[in-house]
Asks: 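Please see the structure below; I have some questions.
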Protein chains: 2
Amino acid sequence: MDKQTVTIYDVAREADVSMATVSRVVNGNPNVKPATRKKVLDVIERLDYRPNAVARGLASKKTTTVGVIIPDVTNVYFSALARGIDDIAMMYKYNIILTNSDENGRKEVQVLNTLMAKQVDGIVFMGNDISEEVRKEFERSKTPIVLAGCVDDQGQMPSVNIDYTAAVEEATKNLIDHGNERVAFVSGSLDYPINKDYRLKGYKQALKKAGLRYDEKLVFETDYSYKAGQLLQPALQSVNATAAVIGDDELAAGVMNGVTDAGLSVPEDFEIITSNDTKLTEMVRPKMSSITQPLYDIGAVAMRLLTKLMNNEPVENKTVLLPYGLMKRASTH
Amino acid sequence: MDKQTVTIYDVAREADVSMATVSRVVNGNPNVKPATRKKVLDVIERLDYRPNAVARGLASKKTTTVGVIIPDVTNVYFSALARGIDDIAMMYKYNIILTNSDENGRKEVQVLNTLMAKQVDGIVFMGNDISEEVRKEFERSKTPIVLAGCVDDQGQMPSVNIDYTAAVEEATKNLIDHGNERVAFVSGSLDYPINKDYRLKGYKQALKKAGLRYDEKLVFETDYSYKAGQLLQPALQSVNATAAVIGDDELAAGVMNGVTDAGLSVPEDFEIITSNDTKLTEMVRPKMSSITQPLYDIGAVAMRLLTKLMNNEPVENKTVLLPYGLMKRASTH
DNA sequence: AATCAAATTGAAAACGTTTTCAACTTGATA
DNA sequence: TATCAAGTTGAAAACGTTTTCAATTTGATT
């Protein structure tokens, strides 16, 4: 073999033991005499034997690999989640395959199938939505799957999130408490359940509790991009919005820069609370107040949940809600 | 098998052909009669046969997987590179395994070995430095390896970069042409050849050509972080620096916010040119001028170079320098 | 020394696919 | 019809490791 020329057969022959014994040594099986073990380890070192993980995966039916599906690796929200996943995976001796889905339903199915073909032991799925095709694949999968930062409105999948409804309700309430009566809700696609059924719900609840009428003109649907945010200032002004709860940090940076570039002041003329508390909230000026999501922890807990599922360990709670907070910075009073 | 219960044996039996024929059909081998092919495809669809990529990898000695080593997935410089790699990999029917190295030499070796064990067909390595241990692993590897956004000062490895020396020279010249005589060089670790041997060299050349004396007090070594940049303002002021070429966008955002938070104006009191032209340069205020690196293209070209090496295609040029530019924004005159 | 139980080891099958080369089939030509 | 070349197919080995269960060894006890 041109990639890996020393096989278990070579080691066995040199050490004058069987392949089974070499395998036991390599895998830490206790049923090996210390002297035999030492002899084998010496040969392994001398020949620089490197076990072939592909062969091991086929024989043992475990690849110790976890597939992670990420919509966009350049988005810091998702990449911070991925860091949490990666670190816990490593702790439990798994490697991750990080695959871009581009938030494209077709590609999501494709990526899922690729990961399944590669016999990953489990999958962590990040995304904004679960399409019917993706859900079908989930249902037929024997490989455990956990959602991270992704809601399942049908409540079927194990998942780790924060309580987006309560978080947005609190952020909206904060702005209302500051005296804002025209609070905008700036969102990604309202086709996504996370936006329509969870975050918008929190927004509406805060309005209701404050005795404010819900005005759909204050709801803005975007593609989550900085550019889209930047272009929103005229529309926000035309509905007399004096504050906004915004669903993504880059989008919020766009809104904020659109507002300040237009000569208005944040927070004096317009208050902003964003949602992900990525490092961007500290880099822009003024610094942005944000719902605090423990991104790393969401990833970490999702991965831990997945290790439990993979090992058939008891799991008390398949839907985990982690704590959130509200970090006040300079974009609010 | 509990993960994948339909095997090639099941298909062969149902279709009344041999396993070899099923394999030929699955892999598009032309030596199959159309009628036989149709019969097999019908059975494949009926049984929903999913080939096991692990078994295929073992038998064919090709996994169609490429390992990508990334220092920090939350760093947009690297994640944009990764996008380019991923898209070209997909185009050539490869999947990538994206692995974090944390820019830690020991972990880099570990990650390399893991990827080799998983029999990846090739590796793209991103990092700031090639340690001796990593270089040893490169040398013993039979798997092709390409550097992306990483320089090899020994010139042994195939690599895709820009001409960092010329880029920094031009950026420094630009600041000098604006009348700055005290131009600072704000860098990552000077242990890294990319900083010490390439970028600093360009800085020195620009000074020399302008007849300015090199003053090492104008050279600042950091850990590349936003925080480190923010804290630099007093030191920059104490050496009377009026401008800076900065090696990373987050670092530059830190420097710039440190300067403006201290009450100075950019670019009036202090000019800044950063290096990576990530989207952050557009989000901060003032927008930052930057060396433009085609990050996506560096990744894409590196991946293309790797596909050539993996397929033993002729490669004219193992050291590829892509074009750079200078994007003037509001942090310079 | 004989017996027994526990520990250790090895042979061979298994994992699911690909590849090789001989055997077979088909179609064209004389 | 016989021959030949090209196309198609199948049996079995290969890939490198793990697992299973029988065989062997070892140590303790009587």
Side-chain angles (χ1 to χ4, degrees), chain A residues 1-41 43-44 47-65 114 116-121 142, chain B residues 1-41 43-44 47-65 114 116-121 142:
Chain A
M1 183 162 165
D2 63 349
K3 277 185 184 173
Q4 183 86 0
T5 53
V6 180
T7 70
I8 203 167
Y9 178 68
D10 302 311
V11 176
R13 189 177 48 207
E14 283 280 334
D16 197 30
V17 297
S18 73
M19 294 190 290
T21 298
V22 177
S23 185
R24 285 189 195 97
V25 171
V26 166
N27 293 295
N29 189 315
N31 290 333
V32 184
K33 275 193 319 200
T36 307
R37 183 182 302 274
K38 183 183 183 320
K39 183 168 62 167
V40 171
L41 286 172
V43 171
I44 283 169
L47 297 188
D48 195 30
Y49 166 64
R50 306 297 183 99
N52 182 324
V54 171
R56 172 186 282 154
L58 181 60
S60 67
K61 301 192 177 186
K62 283 189 189 302
T63 55
T64 68
T65 305
T114 298
M116 303 286 194
K118 289 188 189 290
Q119 313 294 311
V120 291
D121 296 335
K142 291 173 178 162
Chain B
M1 182 161 164
D2 62 350
K3 277 186 188 176
Q4 183 87 2
T5 53
V6 180
T7 70
I8 202 167
Y9 179 67
D10 302 311
V11 177
R13 189 176 49 208
E14 281 279 337
D16 197 31
V17 296
S18 72
M19 293 190 291
T21 299
V22 177
S23 185
R24 285 189 196 100
V25 170
V26 166
N27 293 296
N29 189 314
N31 290 334
V32 185
K33 278 197 309 202
T36 309
R37 184 182 302 274
K38 181 180 184 319
K39 183 169 59 167
V40 172
L41 286 172
V43 171
I44 283 170
L47 297 189
D48 196 28
Y49 166 64
R50 306 298 183 97
N52 182 325
V54 172
R56 172 187 282 153
L58 181 60
S60 68
K61 301 192 174 183
K62 283 187 191 301
T63 55
T64 68
T65 305
T114 298
M116 304 285 194
K118 289 188 189 290
Q119 312 295 310
V120 290
D121 295 334
K142 290 177 179 163

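Chain letters run A, B, ... following the sequence lines, proteins first, then strands; residues in each count from 1. This is a predicted model, so every value here is computed, not measured.
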Asks: Base, sugar-phosphate, or nothing: which does B/P30 touch, judged by heavy atoms less than 4.0 Å apart?
Replies: sugar-phosphate

Asks: Hey, which of these two, A/G57 or B/V32, hits DNA chain D nearer its 5' end, going by closest nucleotide?
Replies: B/V32

Asks: Other residues, nucleotides and ligands only: do more than 12 of their heavy atoms fall within 6.0 Å of CG on A/D16?
Replies: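 Open: at most 12 neighbouring heavy atoms sit under 6.0 Å from CG of A/D16.
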
Asks: Within this structure, what is the CZ-to-P distance between A/R56 and D/dT18, rounded to whole angstrom?
Replies: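 Atom-to-atom, A/R56 to D/dT18, this comes out as 5 Å.
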
Asks: Is the shortest heavy-atom distance from the side chain of A/T64 to the side chain of B/K118 under 4.5 Å?
Replies: yes

Asks: Would you say the side chain of A/E14 lies within less than 4.5 Å of the side chain of A/V6, judging by non-hydrogen atoms?
Replies: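 With C-beta onward as the side chain, the pair stays apart.
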
Asks: Ignoring backbone atoms, test whether A/T36 places a side-chain nitrogen or oxygen under 4.0 Å from the OP1 or OP2 oxygen of C/dT9.
Replies: yes

Asks: Using heavy atoms to find the nearest nucleotide of DNA chain C for B/S60 and A/K33 separately, return the residue whose nucleotide is more 5′.
Replies: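 Closer to the 5' end of DNA chain C: A/K33.
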
Asks: Rounded to whole Å, how long is the line connecting atom CD1 of B/I8 with atom C1' of D/dA12?
Replies: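 Computing the B/I8:CD1 to D/dA12:C1' distance gives 14 Å.
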
Asks: Among A/T21, A/L41, A/V43, find the residue that satisfies the side chain to side chain contact (heavy atoms under 4.5 Å, CB included) test when tested with A/V11.
Replies: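 The single option meeting the side chain to side chain contact (heavy atoms under 4.5 Å, CB included) with A/V11 is A/V43.
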
Asks: Rounding to an integer number of Å, can you tell me how far A/N52 CG sits from D/dT18 P?
Replies: 10 Å

Asks: Choosing from D/dT8, D/dT17, C/dG16, which nucleotide comes nearest the side chain of A/L58?
Replies: C/dG16

Asks: Going by number, which of residues 9-28 of chain A have a non-hydrogen atom under 4.0 Å from DNA chain C?
Replies: A/D16, A/V17, A/S18, A/A20, A/T21, A/R24

Asks: Would you check if B/V22 and B/V25 make a side-chain contact, meaning some heavy-atom pair closer than 4.5 Å?
Replies: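 They are not in side-chain contact.
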
Asks: Between D/dT20 atom P and A/N29 atom CG, what is the distance in whole Å?
Replies: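 Between P of D/dT20 and CG of A/N29: 11 Å.
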
Asks: Indicate whether OP1 or OP2 belonging to C/dT8 is found under 4.0 Å from a side-chain N or O atom of A/N31.
Replies: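 So the side chain of A/N31 is within the cut-off, an N or O lying under 4.0 Å from OP1 or OP2 of C/dT8.
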
Asks: To the nearest Å, give me how far apart CD (A/Q119) and P (D/dT18) are.
Replies: 17 Å

Asks: Would you indicate whether the side-chain heavy atoms of B/V26 and B/R56 approach each other to under 4.5 Å?
Replies: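 Yes. Closest side-chain heavy atoms under 4.5 Å.
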
Asks: In whole angstrom, what separates A/K61's NZ from C/dA14's P?
Replies: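 Going from NZ in A/K61 over to P in C/dA14 covers 12 Å.
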
Asks: Check the distance between C/dG16's P and B/L47's CG and give it to me in whole angstrom.
Replies: 15 Å

Asks: Checking B/N29 side chain against B/N31 main chain: does a donor-acceptor pair fall under 3.5 Å?
Replies: yes

Asks: Could you state the CZ-C1' distance from A/R50 to D/dC15, rounded to the nearest angstrom?
Replies: 20 Å

